[in-house]
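Right, one structure below, let's go through it.
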Number of protein chains: 2
Amino acid sequence: MKSNNSFRSALNCYIKHPEKYPNDVLYYDSDFTVVYDKYPKAQVHLLVLPRDLIKTTQSPFLVFNYKNDPDKVFQNQLLLCIEKTKPIAIQQLVIKFPFLIQQSLNFDEYFKVGFHAIPSLSNLHVHVISKDNLSERLKTKKHYISFNSPFLLNLYDLIKNNALNQRDINSDEFFNIAKEMKKIMAQDMKCWKCGLNFRNDFKKLKDHLVIEANAIYKEDREKIKS
Amino acid sequence: MKSNNSFRSALNCYIKHPEKYPNDVLYYDSDFTVVYDKYPKAQVHLLVLPRDLIKTTQSPFLVFNYKNDPDKVFQNQLLLCIEKTKPIAIQQLVIKFPFLIQQSLNFDEYFKVGFHAIPSLSNLHVHVISKDNLSERLKTKKHYISFNSPFLLNLYDLIKNNALNQRDINSDEFFNIAKEMKKIMAQDMKCWKCGLNFRNDFKKLKDHLVIEANAIYKEDREKIKS
DNA sequence: GAATCATAAC
DNA sequence: GAATCATAAC
Ligand SMILES: [Zn+2]
Ligand SMILES: [Zn+2]
Ligand SMILES: [Zn+2]
Ligand SMILES: [Zn+2]
């Protein structure tokens, strides 16, 4: 056990008093808060935080688990909040790349939405993140893999009644998940776009991500021209 | 003993074939090569490499050691090469900060010249480095301390007949030096300009270095205006 | 010399 | 979650 776990509650302030952090909070209502990730791992990286005091404490594996009698009302509220977050995320991308045209951007082409299988921060949070992974804050293999492997639990996969959320969630199962994820973290790094294998060469991957970002964010402009 | 020490000879190509590396080499003659440090730890960071095949293998403590009958001809050649390097370094700084006026810059106010007490690369090299330590490549406490402590052997101090170069250079003495330097590396990080103590908070130091660099490189412009 | 990985302490 | 420190392998 760690001596001081207060950092694990770093997001709690945003669900408790979203009105106090106008520089960090992009949107809030009675049920959700949307904030910038303080250490963004891509050009756009937002967090969607359920404000419900029970839900916020739950594991992403548990909160939608079928054996746990999933709260369909909550699921639909969350999906609705994600729909509200999509244009916000797109707008953030357009701020970074003014040549992009907001109305023509397909969210699914540019973004991913999901939970980390083993979050470090205890308040339940959905990552809404652009696919580029172009960021100074992306500093380690673990950062990259955590968004480009089964460590990222796609929100829509999780909500479906599939293998992901039919696991028995007991401490044995959490131990198994931890073991799986450790294996996943040890795998090679591959480009999210073209699949090129960078093995453990993080620096080369970083250089390549610049090229891919230039391509996707310019390509769109070219498409618009033609 | 390390299994593969080839990285220690990374600078050898520049003294062997300076003409082959026009992108890296700023100046060379029959006795010296001046190159960009490949991982600059400040806005301007150059290396002066003696091309003599004996001198290049020597330790900075040994090459000027009085008990070792110092080669005064070599010393003077090196000092002359440093004099040639000074305007080059100043020019590099002006390229980064075009508001600076080349002719009015006092080298000693903006730069340091010296050896690392315990170099990682085996070819003898003098660092000519701007004092700012503002660089993305400055990533660790050791990087910073290595230029802001007795780990940096000031060239002119070393040439003087003083305590620094009167040490008996045997393996016992090298062991003592290594122990001293380890202590030095464990000390707090302090701002090179104002002396503010950042202890082990490297991130805060980095932020502060931005402020100090803005001040020194703008200050000069103000002086010129008045 | 840099970079990857593991490990505390917060 | 980030950041400091230590340790291999190159
Ligand atoms: Zn997380
Ligand atoms: Zn690619
Ligand atoms: Zn060196
Ligand atoms: Zn200062």
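Labels below follow one simple rule: chain letters A, B, ... track the order of the sequence lines, proteins then strands, and each chain is numbered from 1.
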For [X] and [N], give me the distance from atom [atom1] to atom [atom2], rounded to whole Å.
X: A:Leu138; N: D:dG1; atom1: CG; atom2: C1'; value: 14 Å
X: B:Leu11; N: C:dA2; atom1: CG; atom2: C1'; value: 13 Å
X: A:Asp201; N: C:dA2; atom1: CG; atom2: P; value: 16 Å
X: B:Leu121; N: C:dA2; atom1: CG; atom2: P; value: 8 Å
X: B:Glu136; N: C:dA2; atom1: CD; atom2: C1'; value: 15 Å
X: B:Tyr144; N: D:dA3; atom1: OH; atom2: C1'; value: 19 Å
X: A:Asp37; N: D:dA2; atom1: CG; atom2: C1'; value: 11 Å
X: B:Asn4; N: D:dA9; atom1: CG; atom2: P; value: 12 Å

Report which part of the nucleic acid [X] touches: base, sugar-phosphate, or nothing (heavy-atom distance under 4.0 Å, all strands).
X: A:Lys41; value: sugar-phosphate
X: B:Lys142; value: nothing
X: B:His45; value: nothing
X: A:Lys38; value: nothing

Can you sort out the partners of B:Lys139 under salt bridge (Lys or Arg N to Asp or Glu O under 4.0 Å), two or more places apart, ordered by chain and number? none
Is there aromatic stacking of A:Phe7 against C:dC10, centre distance under 5.5 Å, plane angle under 30°? yes
Only one of A:Asp188, A:Asn200, A:Asp201 forms a side-chain hydrogen bond (donor to acceptor under 3.5 Å, both in side chains) with A:Lys141, so which one is it? A:Asn200
Expected list for residues 178-186 of chain A: side-chain donor-acceptor pairs under 3.5 angstrom, two or more places apart:
| unit_1 | atom_1 | unit_2 | atom_2 | d |
| --- | --- | --- | --- | --- |
| A:Glu180 | OE1 | A:Arg167 | NH1 | 3.4 |
| A:Glu180 | OE2 | A:Arg167 | NH1 | 3.3 |
| A:Glu180 | OE2 | A:Arg167 | NH2 | 2.6 |

Counting only side-chain N and O atoms of B:Asn200, is one of them less than 4.0 Å from OP1 or OP2 of D:dC5? yes
Under 4.0 Å from OP1 or OP2 of D:dG1: is there any side-chain N or O of A:His143 that close? no
What I want to check is whether the side chains of A:Asn12 and A:Tyr14 have a donor and an acceptor closer together than 3.5 Å. no
Looking at A:Phe111, does the NZ or CZ of A:Lys86 lie under 6.0 angstrom from its six-membered ring centre and within 45 degrees of the ring axis? no
Under 6.0 Å from the ring centre and within 45 degrees of the ring axis: does the NZ or CZ of A:Lys55 meet both conditions for the six-membered ring of A:Phe74? yes
Dot-bracket pairing map - DNA chain C, Watson-Crick plus G-U, both contacts under 3.5 Å, | cross-strand: |........|
Please tell me which of the listed nucleotides, D:dT4, C:dC5, C:dT4, lies nearest to the side chain of B:Lys203? D:dT4
Please figure out whether A:His127 or B:Lys139 has its closest DNA chain D nucleotide nearer the 5' end. A:His127
Determine whether the aromatic ring centres of A:Phe198 and A:His208 lie less than 6.0 Å apart. yes
